[in-house]
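Since the structure comes first, as structure tokens, the remarks are kept for the end.
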Amino acid sequence: MFEDVKTAGPGFINFYLDKKIWQKELERILRDKKNVGRSLLGKNKKIHMEFISANPTGPLHVGHGRGAVLGDVLANLYEKLGYTVWREYYVNDYGNQVQTLGESVKAYVDHLADNRPYTPEEGWYQGDYIKDVALRLFKEKGPDLDRTASGQFAAQWILKNSIEKDLASFGVKPFDRYFSEKSMHENNDIQTTIEELKKKKCVKEEDGALWFLSRKYGDEKDRVIIRKNGLPTYLASDITYHQKKFEQDYQEVVNIWGADHHGYIQRVKGSMEALGFDSDRLKIVLVQMVNLKRGGVSVKMSKRSGEYITLKDVIDEVGADAARFTFLTRRSESHLDFDLDLVKSKSMDNPVFYLQYAYARTCNIFEYAKKEKIDLNKIHPDLDLLNKEELSMIKVMSGYEEILLQCVVQHEPYYLVDYLLGLAKEFHSYYNKHRVITQNRSETETRLCFVNAIHLVLEDALNVLGVQAPRRM
RNA sequence: GCGCCUGUAGCUCAGUUGGAUAGAGCGUUGGCCUCCGAAGCCAAAGGCCGCAGGUUCGACUCCUGCCAGGCGCACCA
């Protein structure tokens, strides 16, 4: 089992595994083929993932994009490990912002209807999409919808025609459900939850409002769930929403939130404890802010004037692959500078190309082999011919499953990206040092088998990341 | 004021539960295509790991206090 054991430095002993281990690993990867990295760890276990959940009041921006990729890739990773994943987008289609949206749209509808001057007020939603929605609303429903109905219409329209479309072009897999906040109000679910909290004596009445006693659960203060005016707060909806998730048999309930919501964690976790659940099942992944730049300087954006760069703008400019990958090149807790010029450039500033190039190289080697009349289905490795570099990379590839697992445990796809860049680096170096196809038949076949293993791992990983695996570039 | 995140090479960032000489890319300097794709490879230079204490045989890693930047602290969502 061990090839060598050496002492190295103060108090260290190094064990060298026999290279037979790595030879067998190569055979295993070649046997696994498209199933490389797959595991049964999560068999019969379900995961609930809620992410993005951007308010349907305007187009997605870059920050949403980061959360979208993180969620999409984490979901892929869970599935890779055998879990059944339910993807959900929570739609905040209730409350003040929908009113404001309605008001913003209605103003332009009025303008269309009787040519009233359009003068958007402070705090209203603006931008061309508001005009698009208004035009649509005017055509379909006429000029007389009230503010609330206009807001509902607009929210639906934005979700369908802006958000969903952007996500599709960003390569985010379709959600299993868009869950409506409004529906919980209509079904009286929120009232039911509040009654339950009352029964458990986790609320108090004070100043005419109803408070959830979140301080009991580590929050710094108690929180209002029913306002003085009788309307439930956003927290009330969220408690009910999470209760619904927890009532099902999900092993984990994962939320991906912008880091600006971190102050919210205690109270939501606390509410689940109050309802008798184990709040450790709730994993809240915070994704840090994205600082959009161009040529090294921050891009100033102003929502008020409606002048800001949307996710769609970014995808159109740099491409979905480069954008997705860039979001994954830092740990999610790390602040990210997203420089449009760098992400467009085809250099190592933009490592997605480095990785894709490694993959394209494997494809190209196979193309060349075909030209040399080598039948790739009839090649066999002579394991004793594997050289130092090949053995080193096989060692790396044998840790693929472990890396996937690490990503899931830490909720951090970055580890996979880091792993892949390391593997690609070794492969590029190897490619420059060794020729795969030579006059030496058995060496050629061995190396083709090895390159195939690299090919399989890269292809699988790129699929998990939702990035194209191009045969040519 | 309180809470969360972040201070590591000129720049952007890694550093797995405390362990061997702190790593990578970009940038800089110098090399490599009669040979499967140079979107690549090789080499060099570059560091008091924000500062100061503490715990430990051992600290970039853990604890305390400062300093700097970001983000939160609603009966908005």
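Naming: A, B, ... by sequence-line order, numbering from 1 per chain. Everything numeric in this text was worked out from a predicted model, so none of it was measured.
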[X] side-chain N/O to [N] phosphate OP1/OP2 under 4.0 Å:
X	N	result
A:Y357	B:A39	yes
A:R361	B:A38	yes
A:S429	B:G40	no
A:Y354	B:C41	yes

Inter-nucleotide [atom1] distance ([N], [M]), Å rounded:
N	M	atom1	value
B:C5	B:U17	P	16 Å
B:A14	B:U55	C1'	27 Å
B:A59	B:A20	P	11 Å
B:C62	B:U6	P	10 Å
B:U12	B:G30	P	25 Å
B:C49	B:G7	C1'	10 Å
B:U16	B:A52	P	23 Å
B:C57	B:C13	P	37 Å

A:R361 to A:Y431, cation-pi by 6.0 Å centre distance and 45° axis angle: yes
Cationic tip of A:R177 above A:Y89 ring, under 6.0 Å, 45° of axis: no
Using a heavy-atom cut-off of under 4.0 Å over every strand shown, decide if [X] touches base, sugar-phosphate, or nothing.
X	result
A:H428	sugar-phosphate
A:F366	nothing
A:K425	sugar-phosphate
A:E181	sugar-phosphate
A:Y431	base
A:R331	sugar-phosphate
A:S334	sugar-phosphate
A:E367	nothing

Rounded to whole angstroms, how far apart are [atom1] on [X] and [atom2] on [N]?
X	N	atom1	atom2	result
A:D222	B:A74	CG	P	14 Å
A:D238	B:A74	CG	P	17 Å
A:E220	B:C4	CD	C1'	10 Å
A:Q288	B:C4	CD	C1'	8 Å
A:E401	B:U16	CD	C1'	18 Å
A:L458	B:G40	CG	P	15 Å
A:M289	B:C5	CE	P	14 Å

N/O donor-acceptor pair, side chain A:N432 with base B:G40, under 3.5 angstrom: yes
Duplex segments of RNA chain B, taken as runs of at least three Watson-Crick or G-U pairs that stay under 3.5 Å: B:1-7 with B:67-73, B:10-13 with B:23-26, B:28-32 with B:40-44, B:50-54 with B:62-66
Listed partners of A:K283 passing salt bridge (Lys or Arg N to Asp or Glu O under 4.0 Å), at least two apart: none
Salt bridge (Lys or Arg N to Asp or Glu O under 4.0 Å) partners of A:R66, counting only residues at least two apart: none
Where the chi angle of B:C42 falls, syn if within 90° of 0 and anti if not: anti
Inspect the contact between [Y] and [X] and indicate whether a charged nitrogen and a carboxylate oxygen are less than 4.0 angstrom apart.
X	Y	result
A:K198	A:E195	yes
A:E317	A:R294	yes
A:K371	A:E367	no

Residue [X], side-chain atoms from C-beta onward, closest of [options]:
X	options	answer
A:V436	B:U12, B:A77, B:C36	B:C36
A:Q97	B:A39, B:A77, B:C75	B:A77
A:N55	B:C2, B:A77, B:G70	B:A77
A:D260	B:C71, B:G70, B:A14	B:C71
A:I437	B:C13, B:C36, B:C5	B:C36

A:E389 versus A:H434, side-chain donor and acceptor atoms under 3.5 Å: yes
Residue mapping more 5' on RNA chain B - nearest nucleotide basis, A:H262 or A:K371: A:H262
Stepwise ring-ring contact (aromatic ring centres under 6.0 Å, His included) check, A:Y90 with A:Y241: CA-CA 9 Å; A:Y90 182 49; A:Y241 180 40; 4.1 Å; yes
Of all pairs that satisfy salt bridge (charged side-chain N to carboxylate O under 4.0 Å, His left out), the ones with a partner from residues 232-245 of chain A, not counting sequence neighbours: A:E50-A:K245, A:D189-A:K244
Derivation and outcome, ring-ring contact (aromatic ring centres under 6.0 Å, His included), residues A:Y414 and A:Y419: CA-CA 9 Å; A:Y414 166 79; A:Y419 168 88; over 10 Å; no
Qualifying side chain to side chain donor-acceptor pair (under 3.5 Å) pairs, either residue in residues 149-162 of chain A, two or more places apart: A:K160-A:E164
Strand-adjacent residues in residues 200-209 of chain A, judged by heavy atoms under 4.0 Å from RNA chain B: A:D207, A:A209
